[in-house]
Amino acid sequence: MQASQETDAYRAEMRATGVFVAAGLLWVGTLALARFGPELWGDTRQVATWAAVVANVVAGVLWIVAFTRLLRAVDELQRKIMLDALAITLGAGWVAGFGYVVAERAGLVGDVDVATLLPVFMGVVFVVAFAAGKIRYR
Amino acid sequence: MKNRIAELRSERSWTQADVAARIGVSRQTVNAIETQKFDPSLPVAFRLARLFELRVDELFLDDQV
């Protein structure tokens, strides 16, 4: 029974990880399609562009669901490390985003493509915070 | 929280990976518990206690006492 429980937990975690990775790749793929598709099929085919954007959003929702399931499948320390990293990422994104808004309104900084840079910034913050958590509990 | 996991593990010649596999957590979790960097949840504490055939309060030592 004990060995079965351990194996079940490991299999569940591996399955959740696989689904998460697959959903992530699907999101990246649909993002690329939404970004570069219009350049391929031209501005006149807005229905196709809308479809690509909607597909990307749907893929994103699936990715979020897969991530929450992954959080439930990993063990408690791994879950703590991920949640700590997510908290730092949310805070950093919030602070950086609004910091930029007020600085830009005050004329202190130039116009920057925040819609692109902020998600990238948050992604980097998450990776660094996650790595720091793994090192802390090594 | 102080605990006797490393001592008991050593008596049985088990690695941290062995303990981790037996209770269904990662090796990193077992290491973090042993080195007092992380306190386990009750279910994990009870699984550890069952593994070493002890009560939870015999396995984990209350720092406040």
Side-chain angles (χ1 to χ4, degrees), chain A residues 1-24 63-92 123-138, chain B:
Chain A
M1 168 92 111
Q2 191 176 21
S4 173
Q5 287 175 340
E6 294 139 21
T7 305
D8 288 346
Y10 179 75
R11 282 186 189 151
E13 183 175 337
M14 288 297 106
R15 195 179 317 122
T17 302
V19 171
F20 172 70
V21 170
W63 192 27
I64 292 169
V65 171
F67 192 33
T68 57
R69 287 182 177 173
L70 177 62
L71 276 176
R72 281 196 285 272
V74 296
D75 81 6
E76 53 198 51
L77 178 59
Q78 306 308 317
R79 189 178 309 118
K80 173 181 166 48
I81 292 171
M82 283 189 192
L83 290 175
D84 286 352
L86 285 170
I88 292 169
T89 300
L90 179 63
V124 170
V125 169
F126 178 81
V127 169
V128 171
F130 182 76
K134 293 290 275 185
I135 290 170
R136 178 184 174 195
Y137 291 105
R138 141 184 81 140
Chain B
M1 179 175 273
K2 290 181 186 173
N3 59 80
R4 299 176 54 202
I5 295 170
E7 166 201 337
L8 295 164
R9 181 171 61 78
S10 175
E11 287 174 4
R12 292 159 174 77
S13 300
W14 289 346
T15 63
Q16 289 179 340
D18 291 334
V19 173
R22 287 166 192 266
I23 64 170
V25 298
S26 64
R27 186 209 61 80
Q28 186 178 24
T29 300
V30 173
N31 179 63
I33 295 170
E34 278 190 15
T35 56
Q36 302 173 50
K37 292 178 185 175
F38 178 71
D39 291 334
S41 64
L42 276 176
V44 171
F46 273 100
R47 288 209 290 267
L48 281 165
R50 266 198 298 277
L51 178 66
F52 292 111
E53 298 175 330
L54 293 172
R55 295 196 315 267
V56 173
D57 63 322
E58 291 174 325
L59 185 59
F60 292 92
L61 309 173
D62 190 355
D63 296 341
Q64 304 294 325
V65 175

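A note on names: the letters A, B, ... follow the listed sequences, proteins ahead of strands, and every chain is numbered from 1.
- Here the OG-NZ distance, from B:S41 to A:K80, works out to 13.0 Å after rounding to the nearest 0.5 Å.
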Take B:T29 and A:E76 through the test side chain to side chain donor-acceptor pair (under 3.5 Å) and record every step on the way to the result. CA-CA 8 Å; B:T29 300; A:E76 53 198 51; over 6 Å; no

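- Within 6.0 Å of CD on B:E53 lie no more than 12 heavy atoms contributed by other residues, nucleotides or ligands.
- Counting all heavy atoms, side chain and backbone alike, B:N31 lies closest to A:Y137 at ND2-O, 4.1 Å.
- In this structure, A:R69 places its CZ atom where only 12 or fewer heavy-atom neighbours from other residues, nucleotides or ligands lie under 6.0 Å away.
- Between the side chain of B:K37 and the main chain of A:R138, a donor-acceptor pair closer than 3.5 Å is present.
- Within a 6.0 Å sphere centred on CZ of A:F126, other residues, nucleotides and ligands contribute more than 12 heavy atoms.
- The CG atom of A:D75 lies 11.5 Å from the CZ atom of B:R27; values are rounded to the nearest 0.5 Å.
- Using a 4.5 Å cut-off between heavy atoms, B:P40 contacts chain A through both its backbone and its side chain.
- With hydrogens and angles disregarded, no donor-acceptor distance shorter than 3.5 Å links the side chain of A:Q78 to the backbone of B:S26.
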